[in-house]
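For reference, the structure discussed in these notes is given below.
No hydrogens, no waters, no symmetry mates; every other heavy atom, side chains included, goes into these values.
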2 protein chains.
Amino acid sequence: MSKKHSTSQDVAELAGVSQATVSRVFAGGAIVSEKKKKKILEAAEALGYQPNAHARSLITKRTRMIGVVMRNIRNPFYSAVLEIFHNRLSALGYHLIFINSTNEEIQEKEISQLLEYNVEGVIITDALLSSSAALKFKRSEIAVVLFNRYTEQAGSSSVFCDNYLATKQIAAYLVELGHKSFAFISGPSDTSTTLDRLKGFEEVLKERNIDEFMIESGNYTYESGFKSAQELMTKNKHIDCVFCGNDIIALGAMDAIRVIGLRIPEDVSVFGFDNIRMGAWPSYSLTTWEQPVEEMIDGTIEILLNEIKDNTAKPKTLMFKGHMVVRNSVKKK
Amino acid sequence: MSKKHSTSQDVAELAGVSQATVSRVFAGGAIVSEKKKKKILEAAEALGYQPNAHARSLITKRTRMIGVVMRNIRNPFYSAVLEIFHNRLSALGYHLIFINSTNEEIQEKEISQLLEYNVEGVIITDALLSSSAALKFKRSEIAVVLFNRYTEQAGSSSVFCDNYLATKQIAAYLVELGHKSFAFISGPSDTSTTLDRLKGFEEVLKERNIDEFMIESGNYTYESGFKSAQELMTKNKHIDCVFCGNDIIALGAMDAIRVIGLRIPEDVSVFGFDNIRMGAWPSYSLTTWEQPVEEMIDGTIEILLNEIKDNTAKPKTLMFKGHMVVRNSVKKK
DNA sequence: TAAATTTATGAATACGTATTCATATAATAT
DNA sequence: ATATTATATGAATACGTATTCATAAATTTA
């Protein structure tokens, strides 16, 4: 029977070499004679040796760990995001510490966890970083990128879609199709995402002199979308177009509208945001705005890796445009 | 400006005590005078000190890390599972290393990652462990629990639903409602889950002398369910009942069936498995079998923690029953 | 008051690795 | 044949913490 964990020392003894030589084989990049190398690998195999990443990181100062802080993993948009982040980072030799945050702002406790484990970088999706939190990461020289959010303070990098521009285009499109009475079912009313989307939309409506505009805010879930739509539509029977803060809200809204007995898009048009796969399902066929997830993720990783390599790098902001995906939830002229 | 990471030594110097005393404060459970404790905490605060988890784990042999290997994170069932696992384990002071496996069997590389980081335990959802892989974990005394899968070899613990019994009840229910021509849209035909569900279903049909039974296997995704249903229904116009390997398949199947122009449940009944939230959405109102996720997760964690505490613990098997959730996708008498 | 115990602390060490430094051998150039 | 360089290896050390051991001070007991 072998010990719980064999160490490089154990391997060294079995192979008849020094611990240093074993380390050289596993750390790579050093010269070891073929003969000893073979012996060492055999010994390692026999003992089931695996280098200890913690001991290694103590020396190298590299943990090869990245923290992923995510809210709302139940939202298919973020499940997909997590999957893609994992696949990309894993291929690059990084490991993911997953943290499911429940708050709009990342918490002290979560930060501590990431600092203790000395992650090299942190990706924060759909949540904010207080300036004190940002400072903590900065002080520990941990790279941080916000995904799908941005901060005014410009302290940290962020990658997101230009929500303002997108919603302006969306609103213009919907107005031109002849809709008269609008509703916006949003996420939490204190998030930048929500505010930007609202701002762009509202501006266009004003420009076009449309003042029938109801707003109902909740959170980014199906249930919230369902409930909001139910309330809106029963109280305001004339609404003919509902713009939703994201796709999952839109699906909830569509179901609520149909339950009431209204048809989509004949009676009411529904527009989403994100372009999650479910929107393409024939039961919904949701017209929406696509966020170019893959490109956004690639951009996030590029910024993150760059900041890890060079901790003097200036915070970067990467803004994507996205584009409209027309299906059948919006009434055509 | 402070150094990249302050150490307990830095804190000790600033507070005018020894490193050992600092460690005693942060490790807890040791006696330190209130006066020095206060000084140390102040110094730590000033320096932004965080204990280094890697150095700590080197001494204590405890990493407080748990590996979660998951396939199919895009399946809402598993998104929910991940969220719950995270919330429970996080509350217990554990951190999650997330691994998105793409294979039916957990891979060498993934095992190495977990061994290198010295995780205390591993939860494997929806994937298998070869006996050689199981051996590796055993050798390193890493606790392993399979979630929603089991192994015949009885080498490792597992938690799952009694698929055989469940599908027997499901089949009996469907037959009694008068269905005559059945189809089973399954996941990969080489997984225990699929085989058990098929076995239970098939047995009952034989008992009741029903021989109209088509089988189409794919994988556990919406797209696969859609495609399978499309093929089945266009080729076999008489099928009046489709049992699906899981809910997400069922949703795909329902959409395909409706696209063809058939009504659910009037023309075709559809039955799912898992009881994901989406099944309750009015567009689907899927009749299904509920896996008691929360209890399964609690059971998994209990077994895991117990094996972590006592590595001589015998592998345990926890089998749940689950229950039928009747909605409107199955034709009533 | 002396002896015994408790409380509080620092010095020293171990955890498992990577890496520097020193050294010895082999290969090449002069 | 000698000087130089390249190759190969081990000894020693550092990373940042927890913990044992020793010891001094404070407290309790006899």
Under 3.5 Å between N/O atoms: give me all the protein pairs with nucleotides 25-28 of chain C, atom names plus distance.
none

Open item on the list: Less than 4.0 angstrom between a side-chain N/O of B:Tyr117 and OP1 or OP2 of C:dG16, yes or no?
Closed with: no

Open item on the list: In this structure, how many angstroms lie between the C1' atom of D:dC15 and the CD atom of B:Gln9, rounded?
Closed with: 13 Å

Task: D:dT17 phosphate, OP1 or OP2, under 4.0 Å from B:Ser8 side-chain N/O - done: yes

- [ ] Verify whether one side chain among A:Asn103 and A:Ser101 offers a donor that lies under 3.5 Å from an acceptor in the other.
- [x] no

Open item on the list: Using whole Å, what does the distance between atom P of nucleotide D:dT17 and atom CD1 of B:Ile40 come to?
Closed with: 13 Å

- [ ] Could you check how far CD1 of B:Ile59 sits from P of D:dT17, rounded to whole Å?
- [x] 10 Å

Show the atom names and distances, to 0.1 Å, of all donor-acceptor pairs under 3.5 Å that link a side chain in residues 24-44 of chain B to residues at least two apart or in another chain.
unit_1: B:Ser33; atom_1: OG; unit_2: B:Lys36; atom_2: N; d: 3.4

Task: Heavy-atom donor-acceptor pair, B:Thr60 side chain to B:Arg62 backbone, under 3.5 Å - done: yes

TODO: Examine the side chains of B:Asn52 and B:His5 and answer whether a donor and an acceptor come within less than 3.5 Å of each other.
DONE: no

Task: A:Arg149 versus A:Thr193, side-chain donor and acceptor atoms under 3.5 Å - done: yes

Task: Between D:dA14 (P) and B:Asn52 (CG): distance, integer Å - done: 18 Å

Task: Distance below 4.0 Å between B:Lys61 side-chain N/O and C:dG16 OP1 or OP2 - done: yes

Task: Polar side chain donor-acceptor pair, A:Asn148 to A:Tyr78, under 3.5 angstrom - done: yes

Open item on the list: Applying side chain to side chain contact (heavy atoms under 4.5 Å, CB included), can you list everything that pairs with B:Gln9, at least two apart in sequence or on another chain?
Closed with: B:Thr7, B:Glu13, B:Gln19

Pairwise N/O distances under 3.5 Å, protein to nucleotides 6-13 of chain C:
unit_1: C:dT9; atom_1: OP1; unit_2: B:Ser33; atom_2: OG; d: 2.9
unit_1: C:dT9; atom_1: OP2; unit_2: B:Ser33; atom_2: N; d: 2.8
unit_1: C:dT9; atom_1: OP2; unit_2: B:Ser33; atom_2: OG; d: 3.2
unit_1: C:dG10; atom_1: OP1; unit_2: B:Ser18; atom_2: N; d: 3.4
unit_1: C:dG10; atom_1: OP2; unit_2: B:Ser18; atom_2: N; d: 3.0
unit_1: C:dG10; atom_1: OP2; unit_2: B:Ser18; atom_2: OG; d: 2.7
unit_1: C:dG10; atom_1: OP2; unit_2: B:Thr21; atom_2: OG1; d: 2.5
unit_1: C:dG10; atom_1: N7; unit_2: B:Arg24; atom_2: NH2; d: 2.7

Open item on the list: For A:Phe320, give me all partners under ring-ring contact (aromatic ring centres under 6.0 Å, His included), at least two apart in sequence or on another chain.
Closed with: none

TODO: Quickly work out the A:Glu13 CD to C:dT17 P distance and round it to whole Å.
DONE: 12 Å

Task: Length of the line joining A:His54:NE2 and C:dA18:C1', which is rounded to integer Å - done: 16 Å

TODO: Describe the nucleic acid contact of B:Ser23 in one word from base, sugar-phosphate, nothing, applying a heavy-atom distance below 4.0 Å.
DONE: base

Open item on the list: If I take atom CZ in residue B:Arg62 and atom P in nucleotide D:dT17, what distance separates them, rounded to the nearest angstrom?
Closed with: 19 Å

Open item on the list: Just the rounded figure in Å: distance from P of C:dA14 to CG of A:Leu58.
Closed with: 17 Å

Task: Listed partners of B:Arg64 passing salt bridge (charged side-chain N to carboxylate O under 4.0 Å, His left out), at least two apart - done: none

